[in-house]
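First the structure, in the form of structure tokens, and then the observations on it.
No hydrogens, no waters, no symmetry mates; every other heavy atom, side chains included, goes into these values.
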Amino acid sequence: MRRHDFIPLLGAGTRSAQSMRERASVNPISLRIVLGVVAAALGYVVPAHAENYFCQQQFALCTSAPCIPEPGNPKVAICTCDVEDGPNLATLACDTVKPSTDANGVRTVYSQFALKQFAQGKRTLKCAAGTPWTWCLNKPFTVDPANPKKAICACDVLRTGEWITAGGNCNTATCKTAYWSGAPLNDFNDGTDFLVKQLKLKKSPVNWCSQADAR
């Protein structure tokens, strides 16, 4: 899967922007490294192709997660996801997104991608560009102390490109209202192919909603 968050343009008149433009003309790879450092410092994610990692650890599974826009912040939604153990995909090194528990007993897990809910029968709903969805991959989640099978996180709200979700029960009307946790269509296909190969599955468990399902 690839990461599709976007970093705001840096001021064209600043020394940093000029320096990065100069580096871009010489070495595009160096530019991506510089942008990565700047983005990390500012809390943004650079839109670059990310490598897939096959992990075996506890994680938050958000393929069908319902989300609610955060009050006062239209760019963020609060999502509730399932806490799972087992094989999964991340686009950061597994050690970077490994679970942890702090001194107060607060458990943190990270959102990663897995095929479990599709294998259980959930179907894939495709939604049109321009409708709101949330992007949770690699985000840190806090495990609910009262229910260790659930975790919550603030995820990014996007409206770019076609996207998919295992939520919605194949009801296309929910694409416009539900803020489902989702993924870009191409990234979903890429991630699914990666896991099918890693797990040595004979067939992908993914089934798509049909036009007849639309209500």
Side-chain angles (χ1 to χ4, degrees), residues 1-5 36-37 39-40 43-67 76-124 133-156 158 163-167 180-206:
M1 298 182 81
R2 303 176 180 82
R3 297 158 71 187
H4 287 278
D5 297 310
V37 173
Y44 298 114
V45 177
V46 176
H49 176 76
E51 184 175 353
N52 292 329
Y53 293 88
F54 184 66
C55 305
Q56 289 270 4
Q57 59 195 17
Q58 192 174 65
F59 65 103
L61 180 58
C62 300
T63 45
S64 64
C67 303
V76 172
I78 306 302
C79 303
T80 301
C81 299
D82 296 337
V83 176
E84 300 283 358
D85 286 277
N88 60 77
L89 175 156
T91 55
L92 296 173
C94 299
D95 284 346
T96 304
V97 289
K98 65 182 180 181
S100 63
T101 304
D102 70 13
N104 295 313
V106 177
R107 182 75 169 167
T108 297
V109 295
Y110 289 82
S111 174
Q112 293 157 228
F113 178 64
L115 299 174
K116 181 174 181 177
Q117 291 187 342
F118 302 103
Q120 292 173 337
K122 287 189 178 292
R123 287 182 291 171
T124 309
W133 56 285
T134 59
W135 181 235
C136 294
L137 187 67
N138 300 323
K139 295 285 189 181
F141 276 69
T142 297
V143 177
D144 184 350
N147 183 2
K149 294 183 178 181
K150 295 291 182 179
I152 61 171
C153 179
C155 299
D156 301 320
L158 299 176
W163 58 280
I164 66 87
T165 181
W180 296 113
S181 172
L185 179 60
N186 289 339
D187 290 6
F188 173 72
N189 291 333
D190 176 71
T192 298
D193 290 344
F194 175 82
L195 283 179
V196 167
K197 292 178 181 177
Q198 292 295 321
L199 296 169
K200 296 180 172 58
L201 300 178
K202 294 181 179 180
K203 180 182 178 182
S204 169
V206 172

For Lys149, is there an ion pair with Asp82 - N to carboxylate O distance below 4.0 angstrom? no

Sequence neighbours excluded, which residues qualify as side-chain hydrogen bond (donor to acceptor under 3.5 Å, both in side chains) partners of Thr101? Arg107

For Leu201 and Leu115: C-alpha separation, side-chain torsions, deciding distance, then whether side chain to side chain contact (heavy atoms under 4.5 Å, CB included) applies. CA-CA 11 Å; Leu201 300 178; Leu115 299 174; 4.1 Å; yes

Atom CD1 of Ile164 and atom CG of Asn186: how far apart are they, to the nearest 0.5 Å? 11.5 Å

Under the side chain to side chain contact (heavy atoms under 4.5 Å, CB included) rule, what do Phe59 and Tyr110 come out as? Steps first, then yes or no, please. CA-CA 5 Å; Phe59 65 103; Tyr110 289 82; 5.9 Å; no

Output yes when a side-chain donor or acceptor of Asn88 lies under 3.5 Å from a complementary backbone atom of Gly86, and no otherwise. yes

Name all residues meeting the ring-ring contact (aromatic ring centres under 6.0 Å, His included) criterion together with Phe118; count only those two or more places apart in sequence or in a different chain, and write none if there are none. Phe188

Partner set under side-chain contact (heavy atoms from CB on, under 4.5 Å) for Ala65, not counting sequence neighbours: Cys62, Cys81, Ser181

Rounded to the nearest 0.5 Å, how far apart are CG of Leu89 and OH of Tyr53? 11.0 Å

Applying side-chain hydrogen bond (donor to acceptor under 3.5 Å, both in side chains), can you list everything that pairs with Thr63, at least two apart in sequence or on another chain? Gln117

Which atom pair, heavy atoms only, marks the closest approach of Ala114 to Leu195? CA-CD1, 3.8 Å

Which pair of non-hydrogen atoms, one from Cys79 and one from Phe141, has the smallest distance, and what is that distance? O-CE2, 3.8 Å

Pair Thr134, Asp156 - check side chain to side chain contact (heavy atoms under 4.5 Å, CB included), show working. CA-CA 5 Å; Thr134 59; Asp156 301 320; over 6 Å; no

Mind checking what makes side-chain hydrogen bond (donor to acceptor under 3.5 Å, both in side chains) contact with Lys122, not counting sequence neighbours? none

Please tell me if the side chains of Asp102 and Thr108 come closer than 4.5 Å, counting only heavy atoms from C-beta onward. no

For residues Leu137 and Gln112, report the shortest heavy-atom separation together with the two atoms involved. CD1-CA, 3.9 Å

Between Leu199 and Pro87, is there a side-chain heavy-atom distance shorter than 4.5 Å? yes

In this structure, CG of Asn138 is separated from OG1 of Thr96 (nearest 0.5 Å) by 9.0 Å

In the structure I gave you, are the side-chain heavy atoms of Lys116 and Leu61 within less than 4.5 Å of one another anywhere? yes

Residues which pass disulfide (SG to SG under 2.5 Å) with Cys153, listed by chain and number, not counting sequence neighbours: none

State, yes or no, whether a side-chain contact exists between Phe194 and Phe54 at a heavy-atom distance under 4.5 Å. yes

Ile152 CD1: over 12 foreign heavy atoms closer than 6.0 Å: no

Tell me whether Gln57 contacts the main-chain N or O of Val97 through its side chain, where contact means a donor paired with an acceptor under 3.5 Å. yes

For the side chain of Ser111 and the backbone of Cys136, is there at least one donor-acceptor N/O pair under 3.5 Å apart? yes

Separation between NZ (Lys98) and CD (Gln56), nearest 0.5 Å, reads 16.0 Å

Do the side chains of Trp133 and Trp163 get nearer than 4.5 Å, heavy atoms only? yes

Test log, rule side chain to side chain contact (heavy atoms under 4.5 Å, CB included), inputs Cys155 and Trp135: CA-CA 6 Å; Cys155 299; Trp135 181 235; 5.9 Å; no

